[in-house]
Amino acid sequence: MALIDRFFARAVKRGQLTVLRDGGSRTFGTPDPDLKPVAIRFGPGAERQILRDPSLGAAEAFMDGKLIMEEGDILDLLMLMTENNRWEESRTVLDPKPMQRLVGKAAHWLGRRNMARSAKRNVAHHYDLSATLYDLFLDKDRQYSCAYFTDPSNGLEQAQADKKAHIVAKLAIEPGMRVLDIGCGWGGMALYIHQKTGAEVLGITLSEEQLKVARERAEAAGVADKVKFELIDYRALTGQFDRIVSVGMFEHVGTPQYRTFFAKVRELLTPEGVMLLHTIGRAGGPGYTDAFTLKYIFPGGYIPALSEIAQGYEGLKMFVTDIEVLRLHYAYTLKAWYERTVAARDEIVALYDERFYRMWTFYLAGCFVSFWNGGLVNYQLQFSRSRHTLPITRDYMAQAELALREEVDAAPPLRA
């Protein structure tokens with residue numbers, strides 16, 4: 001029996017995986033109505049590549065066309081493997097070998113230091129890709145973060161609109177306030193805040209492409225004097241704000257900078273100020289970023305454990321006024337992104353090439369199963385400098401969110 005076959009024999013119990021070879025085939029597991037059967041074929045050197053480093057090796061073999069899907073797609077394969085190793089069941093069949101774990105931790109430590117000189121470069125690696133690519137799989141507002149599914153059957157556009165309402169309701173923004181959006185993306189959240197509350201908003205980013213689009217959107221909406229965008233690192237910002245929001249940016253801060261981040265947030269908040277942090281997080285303890293993500297997707301990125309976030313703000317005299325855990329919302333979001341990406345295959349291949357398309361689908365599929373079966377969640381943490389600023393119950397959040405969702409959006413979408 002080939003070495004990789006021994007691995008599959010231990011790793012696949014539910015669902016069926018068939019490995020096709022010139023000399024025949026071998027099937028692992030048992031049929032399961034909830035899992036699609038998968039058949040794969042290995043090109044030259046692919047088996048050794050995967051055995052040497054299962055995570056990065058499988059990704060690069062798939063990207064290079066040496067891990068060939070004969071039945072099912074890459075999402076079906078990753079679903080099959082992770083359904084047999086769900087995070088809460090505490091199995092360790094798919095854990096890397098000790099040496100690979102040490103190498104991974106070393107690479108992760110070097111990458112996540114993320115000082116100011118490397119932060120802009122790391123952001124550009126991912127967020128300065130073609131705007132056409134993002135238009136092909138994101139919603140019309142180009143919200144590149146976890147949506148909020150009040151109903152799992154909702155479409156992506158509705159879920160992203162509901163995400164903005166869910167977050168803004170927690171901020172308790174009043175007319176005349178100044179709001180800071182750290183990591184503002186293409187400007188959708190900042191524009192939404194101004195439209196719904198009348199507040200003045202400053203959005204900051206390290207992506208030149210996002211800055212350009214955000215400013216164009218503010219001009220087109222006729223609110224460039226009220227919603228402004230700057231290319232600046234949060235560490236260099238001065239002034240004070242009544243509210244601060246940061247969505248999907250904290251994953252790029254790096255654990256050595258968490259203390260710096262929260263200290264800066266406190267400095268930027270008025271004495272009655274409130275901050276809402278929305279970030280991907282680990283359901284368990286601290287870990288490290290896998291080699292595929294560091295190399296191809298988010299250099300310098302790291303998904304924090306809740307305990308690591310806490311270490312960043314403890315002792316800084318800010319109240320943690322609310323913590324919410326979104327368990328499956330990002331899984332639904334990623335499934336929608338994956339399906340849109342697959343539907344746009346020809347356009348993405350023409351924009352880049354086949355290898356990039358395979359890399360992107362592996363990235364989205366891998367992220368989906370990490371939320372569906374793995375140990376990733378989303379955290380929303382609310383902070384306040386004063387214990388008296390916010391109501392003492394959560395009722396105001398639901399009331400404000402309902403009112404926001406019932407309003408009709410007047411601001412134009414990023415694209416028609």
* Asked: Got a sec, which residues hit side chain to side chain contact (heavy atoms under 4.5 Å, CB included) with A165, two or more places apart in sequence or on another chain?
  -> Y192, E401, L404, R405
* Member of V245, D181, I167, V227 meeting the side-chain contact (heavy atoms from CB on, under 4.5 Å) criterion with I193 -> V245
Heavy-atom side-chain contact between [X] and [Y] under 4.5 Å:
{"X": "R243", "Y": "T197", "answer": "no"}
{"X": "D135", "Y": "R142", "answer": "yes"}
{"X": "D162", "Y": "N154", "answer": "yes"}
{"X": "Y296", "Y": "F362", "answer": "no"}
{"X": "P304", "Y": "T279", "answer": "yes"}
{"X": "M189", "Y": "V247", "answer": "yes"}
{"X": "V274", "Y": "T389", "answer": "yes"}
{"X": "I68", "Y": "E70", "answer": "yes"}

Quick check: [Y] with [X] (ring centres under 6.0 Å apart)?
{"X": "W360", "Y": "Y363", "value": "yes"}
{"X": "Y330", "Y": "F368", "value": "no"}
{"X": "F319", "Y": "F383", "value": "no"}

* Asked: Taking it one step at a time, do Y357 and Y352 satisfy ring-ring contact (aromatic ring centres under 6.0 Å, His included)?
  -> CA-CA 8 Å; Y357 169 77; Y352 290 100; over 10 Å; no
Given 3.5 Å as the limit, does a donor-acceptor pair link the side chain of [X] with the main chain of [Y], or not?
{"X": "R259", "Y": "Q311", "answer": "yes"}
{"X": "D76", "Y": "D73", "answer": "yes"}
{"X": "T82", "Y": "N85", "answer": "no"}
{"X": "N84", "Y": "K13", "answer": "yes"}
{"X": "K226", "Y": "V201", "answer": "no"}
{"X": "D139", "Y": "Q143", "answer": "yes"}
{"X": "S130", "Y": "T132", "answer": "yes"}
{"X": "S246", "Y": "I182", "answer": "yes"}

* NZ of K36: more than 12 outside heavy atoms within 6.0 angstrom? -> no
* Residue Q240 excluded, over 12 heavy atoms near CD under 6.0 Å -> yes
Distance-minimising heavy-atom pair for [X] and [Y]:
{"X": "L67", "Y": "A58", "result": "CD2-O, 3.9 Å"}
{"X": "A224", "Y": "E219", "result": "CB-OE2, 3.5 Å"}
{"X": "C184", "Y": "T205", "result": "SG-CB, 3.9 Å"}
{"X": "G285", "Y": "A305", "result": "C-CB, 3.6 Å"}
{"X": "L35", "Y": "E83", "result": "CD2-CG, 3.5 Å"}
{"X": "R340", "Y": "L138", "result": "NH1-O, 2.9 Å"}

Does [X] come within less than 4.0 Å of [Y], counting only side-chain N to carboxylate O?
{"X": "D353", "Y": "R355", "value": "no"}
{"X": "E339", "Y": "K335", "value": "yes"}
{"X": "R178", "Y": "E200", "value": "no"}
{"X": "E407", "Y": "K164", "value": "no"}
{"X": "R14", "Y": "D32", "value": "yes"}

* **ring pair (Phe, Tyr, Trp, His ring centres under 6.0 Å): pairs with one or both residues in residues 202-240, sequence neighbours excluded** =>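 Qualifying pairs: Y234-F261.
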Just verifying a value: how many Å separate [X] [atom1] and [Y] [atom2], rounded to the nearest 0.5 Å?
{"X": "L316", "Y": "F262", "atom1": "CG", "atom2": "CZ", "answer": "8.5 Å"}
{"X": "H166", "Y": "L276", "atom1": "NE2", "atom2": "CG", "answer": "8.5 Å"}
{"X": "M63", "Y": "L56", "atom1": "CE", "atom2": "CG", "answer": "8.5 Å"}

* Asked: Honestly, is R327 close enough over F371, meaning NZ or CZ under 6.0 Å from the six-membered ring centre and within 45° of the axis?
  -> no
Show which side-chain atoms of residues 374-382 pair as donor or acceptor with protein atoms under 3.5 Å away, not counting sequence neighbours.
from, atom 1, to, atom 2, distance (Å)
N378, ND2, H278, NE2, 3.3
Y379, OH, R282, O, 2.8
Q380, OE1, K170, NZ, 2.6
Q380, NE2, H278, ND1, 3.0
Q382, OE1, T321, OG1, 2.7
Q382, NE2, K170, O, 2.6
Q382, NE2, Y396, OH, 3.0

* To do: Let me see the working for T18 and I40 under side-chain contact (heavy atoms from CB on, under 4.5 Å), right down to the final yes or no.
  => CA-CA 6 Å; T18 300; I40 60 175; over 6 Å; no
Sequence neighbours left out, what passes ring pair (Phe, Tyr, Trp, His ring centres under 6.0 Å) with [X]? Give chain and number order.
{"X": "F8", "value": "F28"}
{"X": "F241", "value": "none"}
{"X": "H329", "value": "Y148"}

* **CA sep, side-chain torsions, deciding dist, call: E71, R41, salt bridge (Lys or Arg N to Asp or Glu O under 4.0 Å)** => CA-CA 10 Å; E71 181 179 0; R41 185 184 299 276; over 6 Å; no
* Assess whether salt bridge (Lys or Arg N to Asp or Glu O under 4.0 Å) is satisfied between E267 and K264, documenting all intermediate values. => CA-CA 5 Å; E267 173 191 320; K264 189 66 180 181; 2.9 Å; yes
* Option from K295, R358, K66 for which side chain to side chain donor-acceptor pair (under 3.5 Å) with E60 holds -> K295
For the residue pair [Y] / [X], report whether a side-chain donor-acceptor contact shorter than 3.5 Å exists.
{"X": "D395", "Y": "Q399", "value": "no"}
{"X": "T293", "Y": "D290", "value": "yes"}
{"X": "E308", "Y": "T255", "value": "no"}

* Can you label the angle between the Y332 ring and the F149 ring as parallel, tilted or perpendicular, going by 30° and 60°? => tilted
* To do: I would like to know whether H388 and E272 meet side chain to side chain donor-acceptor pair (under 3.5 Å); could you show each step before the answer?
  => CA-CA 8 Å; H388 299 293; E272 300 296 317; over 6 Å; no
* To do: Tell me, with the steps shown, if Y313 and Y258 meet ring-ring contact (aromatic ring centres under 6.0 Å, His included).
  => CA-CA 8 Å; Y313 64 74; Y258 288 177; over 10 Å; no
